[in-house]
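One structure is given below, encoded as structure tokens.
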Amino acid sequence: MNQAEIKVQESVEKIVQDLYGIENPTVSFQKTRKEFDGDITLVVFPFVKMARKKPEQVAEELGTKLVEELDIVIAFNVVKGFLNLSISDAYWTNFLKEALVNEQFGKVAIDDQSEKMIVEYSSPNTNKPLHLGHIRNNLLGYSVAQILEASGINVFKVQVINDRGIHICKSMLAWQKFGNGETPESTGLKGDHLVGKYYVAFDKYYRAEMDKLVAEGMDKDAAKKKAPILIEAQEMLLKWENKDPQTIELWETMNKWVYDGFASTYDRMGVSFDKNYYESNTYILGKEHVLKGIESGVFYRKEDQSVWCDLTADGLDHKLVLRSDGTSVYITQDIGTAIERHQDFPFKKMVYTVGDEQDYHFKVLFIILKKLGYIWSEGCSHLSYGMVDLPSGKMKSREGTVVDADELMQKMNDEARAISEERGHLEGMDENYQSELFEMIGMSALKYFILKVDPRKRMMFDPNESIDLHGNTGPFIQYTYARISSILRKAEWNGDFTAIPLDEPTKNVIKKLHEYPQVIQTAASELSPALICNYTFELVKEYNHFYQSTPILRESDLSLKQARIALSTKVAQTIKSAMILLGVNVPTRM
RNA sequence: GGCCUCGUAGCUCAACUGGAUAGAGUACUUGACUACGAAUCAAGCGGUUACAAGUUCGACUCUUGUCGAGGUCACCA
């Protein structure tokens, strides 16, 4: 709720109490629709039952009282059960003046008392490069962290790197067999791509072996397990777990390649972490907690020595937490990681940015943590985002339809360059600025396109049509910013203004600015960058409308001119502020 | 099959969490550059919110059922 609404709410609560004897009323506001007079609208239906009067009458009574009691409410009208209130011009003007001098406008500052929260995102496997799915994950996680921070929460960004297990061994083994000592240096390939190449090579060889076995008469399921190269990979995993020096050395070498590769991808995406956790460490911790959990009766051991958790009381099933051979499964590692994180950074809340295919996993994880006595588990949640679909359907690595993250980012950059050159506004810009600019535009197109969709929903992405640069897009918002910047470069302005006449377009822009603080709060509680996108788009549209209909630099009345420059300045600042929450930069020229 | 998501304009997405006549972008049609930057603005076209019942002052939103799409039910991660 914004400042104006808070004032009105307080007043309404009192009035409703006095008039109708309603305790703790539900006061709900909405923006007044354009076809009616007024700025904010109070829905009076919730009161009519208690008041035992018609909606129109209740609204009439409330409106009269509000105008009497509050300076900021200057007029009202009633349409059915809707009470439309007009807020005074002085309120809007004062708001703009205050916002103008507030560099942190919209944000809540963080101090020692601020709530602590962990945001986990990314958390890749180390056997192949990042793809489009990871891009959605990374952009979401990073942006959510930024938004939470702006809302006044002390955020700690983390990931857990899945650096052990059979998938790594597959890449390692294939490299050993077919790699001829290739390195990123010798091939010029990014490390993660080189390792990914051998993961694919493994799969290809594995399939050939399976086909051969099947041709020799073995049934398919048996062949899956009996293929020699798979057995070899499993042996390698055992060697790894037994800390065989040569295996460990190879593992470290290839992981290093991958980390270097990831680092440059993250860097280009503009995301970062406060701490990385490594599964190769935390799976041991998890195991220890499970063993303790057996003693405390949270888990039980079967005859074959495997360890389980009975979740039937919670409406779920029995869940395996340790294999019969004593090795950890996925959830074991997550138990260890969560507990270690809480020790590192005693959070009140922790959110896991992970695809919705793992809904069940996190449900189980949070229950188990609670059973182990960690009440903070109640503050854990799963930001469950939908998959990214291609026009052809789901991305499938087997069918080679996976969209590579590095390639896609480069493609966006190329596209931005091509369109910029076609427009021909690049004269006078030096080479360095140009290349920064193409990156800025390309990345904004990509990021905005992905972030504007409600995270929880599955979304469509067509890499061939690439991404629009017109309409509801990142570059559209950047363009408005650049255009305002152009005005501000030419403006002579002392940083203040006296009064601003509130004609329709001007007032709409101010009202939109006025929403910003609340939008940040809502986006934070909903964990939804999409709300920031929608807001910024609306702000930009309102401003463009204003810009089209109103002279700014051309205005001859000096006082008016200054007021409009002031408004433009605040819009530019707010655009920039909002785009930073999305991880998007804005150019002053484009 | 059990459980969990989702189904909105031709396409991609919104709808302030139960509020007024369901909105944007794109595509298509049309108008506005001797201009503070046209990557813009303005107008038109486009809907039985998958379908059917129910709950109430009021339903895209909540309940149930049907149809359709996806996910998940591993000693994979």
Side-chain angles (χ1 to χ4, degrees), chain A residues 28-33 35-36 41 43 45-46 48-49 54-55 79-82 84 123 125 127 162 164-167 279 302 304-308 315-317 320-331 333-334 355-361 363 384 386-387 389 391 393-394 416 419-420 422-423 425 441 449 452-454 456-462 465 468-473 475-480 482-491 515 518-519 522 526 530-531 533-535 537-538 540-541 544-545 547-555 561 564-565 568 589-590:
Chain A
S28 77
F29 293 104
Q30 51 189 303
K31 285 176 270 177
T32 303
R33 295 180 70 111
E35 56 267 37
F36 302 110
T41 293
V43 185
F45 288 111
V48 300
K49 210 172 255 176
K54 286 182 181 167
V79 182
K80 293 192 278 184
F82 299 91
N84 301 322
S123 300
N125 288 349
N127 61 331
N162 300 298
R164 61 153 214 129
I166 190 76
H167 54 284
E279 193 192 339
K302 280 193 184 175
D304 66 359
Q305 297 304 303
S306 58
V307 180
W308 296 75
L316 305 174
D317 217 331
L320 178 91
V321 291
L322 273 187
R323 295 194 187 98
S324 52
D325 64 0
T327 57
S328 321
V329 290
Y330 182 47
I331 202 160
Q333 169 271 123
D334 263 334
D356 61 12
E357 71 224 341
Q358 296 194 33
D359 284 355
Y360 183 77
H361 170 78
K363 213 170 172 180
S384 164
M387 297 290 105
D389 283 325
K394 235 193 132 173
I419 289 178
S420 298
E422 196 183 318
R423 285 184 74 234
H425 283 225
I441 296 173
F449 186 89
K452 77 177 174 188
V453 182
D454 183 338
R456 282 158 257 276
K457 290 191 179 167
R458 185 170 263 270
M459 68 176 289
M460 244 288 274
F461 184 91
D462 189 339
E465 284 189 13
D468 272 332
L469 304 181
H470 303 274
N472 186 3
T473 66
F476 167 76
I477 289 162
Q478 289 178 319
Y479 176 74
T480 301
R483 206 162 56 171
I484 298 175
S485 299
S486 170
I487 289 178
L488 298 181
R489 271 195 298 275
K490 295 169 190 161
E515 290 172 25
Q518 183 54 43
V519 168
T522 310
E526 302 275 319
L531 298 179
C533 292
N534 290 345
Y535 169 77
F537 180 59
E538 286 164 12
V540 163
K541 266 201 304 187
N544 284 345
H545 181 72
Y547 173 91
Q548 205 74 23
S549 61
T550 316
I552 302 168
L553 293 180
R554 288 179 312 191
E555 175 57 56
K561 185 169 162 180
R564 287 173 185 161
I565 292 170
S568 301
R589 300 167 198 263
M590 68 187 280

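Numbers restart at 1 for each chain; the letters A, B, ... are given by sequence-line order, proteins then strands.
The phosphate of B:rG19 (OP1 or OP2) has no side-chain N or O of A:K80 nearer than 4.0 angstrom. Within the 4.0 Å cut-off from OP1 or OP2 of B:rA74, not a single side-chain nitrogen or oxygen of A:R323 is found. Dashed line: the shortest gap from a side-chain N or O of A:R458 to OP1 or OP2 of B:rG70 is not under 4.0 Å.
Residue-level contact check: A:N127 touches neither bases nor backbone, having no heavy atom under 4.0 Å from any strand. Counting any heavy atom pair closer than 4.0 Å across all strands shown, A:V453 reaches sugar-phosphate atoms only and no base atom. As judged by a 4.0 angstrom heavy-atom cut-off over every strand, A:V329 is placed among residues touching the sugar-phosphate backbone only. When heavy atoms are screened at a 4.0 angstrom cut-off, A:D454 is found touching the sugar-phosphate backbone but no base atom. If you check every strand for non-hydrogen atoms under 4.0 Å, A:E357 touches sugar and phosphate atoms only. When heavy atoms are screened at a 4.0 angstrom cut-off, A:T41 is found touching base atoms of the nucleic acid.
In this structure, a donor-acceptor pair under 3.5 Å is absent between the side chains of A:T473 and A:D468.
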Summarise how protein sits on nucleotides 35-45 of chain B as a single string, 5' to 3': B when a protein heavy atom is under 4.0 Å from the base, S for sugar-phosphate-only contact, - for no contact.
-> -BBSBSSS---

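Set against B:rU72, B:rC16, B:rC75, the side chain of A:Y360 has B:rU72 as its closest nucleotide.
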Sort me out a list of protein N/O and nucleotides 4-11 of chain B N/O pairs below 3.5 Å, or just none if empty.
none

Set out, line by line, the N/O atom pairs under 3.5 Å between protein and nucleotides 27-30 of chain B.
none

